[in-house]
Amino acid sequence: MYKYLITILLIVITGCKNEKQQDKSNNLVEKLEPNNEDNTVTLQFTEYDNYLSFLKRVDEIVCNDSVPVVKIRINDTEYIHKFSTPCWDRIGDILIKQKNVLIVHDDSIEKRFTNPWMCKKFELSTLGFILEKDMSNNGKNENWSESPAKHILSISVSDDSINKLQPIFLELSRAYERNFINSDIRIWLTDYVPYFEPPPPPPEGPEDIEEIEFVE
């Protein structure tokens, strides 16, 4: 449980890191091995009592060199969503630029900006539109994704709300159906960490130093 929390905390705070460290971190992500098309395991949300047990099952699958997938059918078309969640026992902590992550939690979407620091929320029904905007940004807006190759869709629900996963993947399937996106995306199943705004930096300058009182 804690390994998921640590990773997402790193995702959240990476916006404060320097650019040199962030670029090095992204290289780690890009070297992850691609999914094996012939080695997938289909998951059914109804087979799990809570989200934590679902997360544990995903972890077991990826750490056994298989690919967890969810299949959603709309009319006569079946959409297969692969999870690219890493095996944390092998990979360890990965730092990701906050701008490259789009968060879907329960029934809302979050995009967390760093300039200025803020969390912008959208309705789940806009997932296709927001994904298209994020993945096609290509670094033009510094608060949105740098490129489709670096983009991550982080999906989570509250532990007692595993039934909310179905609507999320249904909306993701509709995004493909409506041609908002036309390529595979990296989906990470994670724990959710609430947004927090970092405190302002301490004051600097000679005038601040003069105000310090020393007590002997």
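Note that these values count all heavy atoms, side chains included, but never hydrogens, waters or copies made by symmetry.
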(request) For V157 and I162, work out which heavy atoms get closest and say how close. (result) CG2-CA, 4.0 Å
(message) To the closest 0.5 Å, what do you measure between OG (S108) and CD1 (I168)?
(response) 8.5 Å
(request) Enter the distance from K140:NZ to S145:OG here, rounded to the nearest 0.5 Å. (result) 10.0 Å
(request) Search all heavy atoms of A149 against all heavy atoms of R186 and return the closest pair with its distance. (result) O-NH2, 3.1 Å
(request) Sort out for me which residue in H151, K111, K99 forms a side-chain contact (heavy atoms from CB on, under 4.5 Å) with W144. (result) K111
(message) Is any side-chain heavy atom of Y48 closer than 4.5 Å to one of L43?
(response) yes
(message) Using side-chain hydrogen bond (donor to acceptor under 3.5 Å, both in side chains), reason through H81 and S173 one step at a time and then give a plain yes or no.
(response) CA-CA 8 Å; H81 303 287; S173 301; 2.8 Å; yes
(message) Quick check against the 3.5 Å criterion: does Y51 have a side-chain atom that pairs as donor or acceptor with the backbone of S161?
(response) no
(request) Flag the pair I74 / L170 as yes when at least one side-chain heavy-atom distance between them is below 4.5 Å, and no otherwise. (result) yes
(message) Please find the pair of heavy atoms, one from P86 and one from I91, that lie closest to each other, and give the distance.
(response) CB-CG1, 3.9 Å
(message) Is any side-chain heavy atom of N163 closer than 4.5 Å to one of F45?
(response) no
(message) Could you tell me if the side chain of R57 sits less than 4.5 Å from the side chain of V41, heavy atoms only?
(response) yes
(message) Given P148, which partner from the list N138, N137, I185 fulfils the side-chain contact (heavy atoms from CB on, under 4.5 Å) test?
(response) N138
(request) Begin with the C-alpha distance, continue with both residues' side-chain angles, and end with the deciding distance and a verdict on side-chain contact (heavy atoms from CB on, under 4.5 Å) for N100 and I152. (result) CA-CA 6 Å; N100 290 323; I152 293 173; over 6 Å; no
(message) Is any side-chain heavy atom of E110 closer than 4.5 Å to one of Y192?
(response) yes
(message) Please report the interatomic distance SG(C87) to CG(N64), rounded to the nearest 0.5 Å.
(response) 8.5 Å
(request) Mind listing the closest non-hydrogen atom pair of G128 and A175 along with its distance? (result) CA-CB, 3.6 Å
(request) Quickly, which of T85, D191, T190 forms a side-chain contact (heavy atoms from CB on, under 4.5 Å) with L55? Name it, please. (result) D191
(request) Go through L172 and I187 one step at a time and tell me if the side-chain contact (heavy atoms from CB on, under 4.5 Å) criterion holds. (result) CA-CA 11 Å; L172 184 57; I187 301 172; 3.7 Å; yes
(request) Hey, can you tell me if F54 and F83 have their rings parallel, tilted or perpendicular (30° and 60° cut-offs)? (result) perpendicular
(request) Could you check if a side-chain atom of N50 sits within less than 4.5 angstrom of a side-chain atom of D160, using non-hydrogen atoms only? (result) no
(request) State, to 0.1 Å, how close I130 and I109 come at their nearest heavy-atom pair, and which atoms those are. (result) CG2-CG2, 4.3 Å
(message) Would you call the rings of W88 and W188 parallel, tilted or perpendicular, taking 30° and 60° as the class edges?
(response) perpendicular
(message) Taking salt bridge (Lys or Arg N to Asp or Glu O under 4.0 Å) as the cut-off, I'd like each qualifying pair that reaches into residues 165-177, sequence neighbours left out, listed once.
(response) E171-R174, E171-R178
(request) Compare all side-chain heavy atoms of F169 with those of I155 and state whether any distance is below 4.5 angstrom. (result) yes
(request) Measure the shortest side-chain to side-chain distance between K150 and I96 over non-hydrogen atoms and say whether it is less than 4.5 angstrom. (result) no
(request) Supply the atom-to-atom distance T46 OG1 to L165 CG, rounded to the nearest 0.5 angstrom. (result) 11.5 Å
(message) How close do K120 and F113 get, counting heavy atoms only, and between which atoms?
(response) CD-CE1, 4.1 Å
(message) Could you measure the distance from the CG atom of D106 to the CG atom of L124? Nearest 0.5 Å is fine.
(response) 10.0 Å
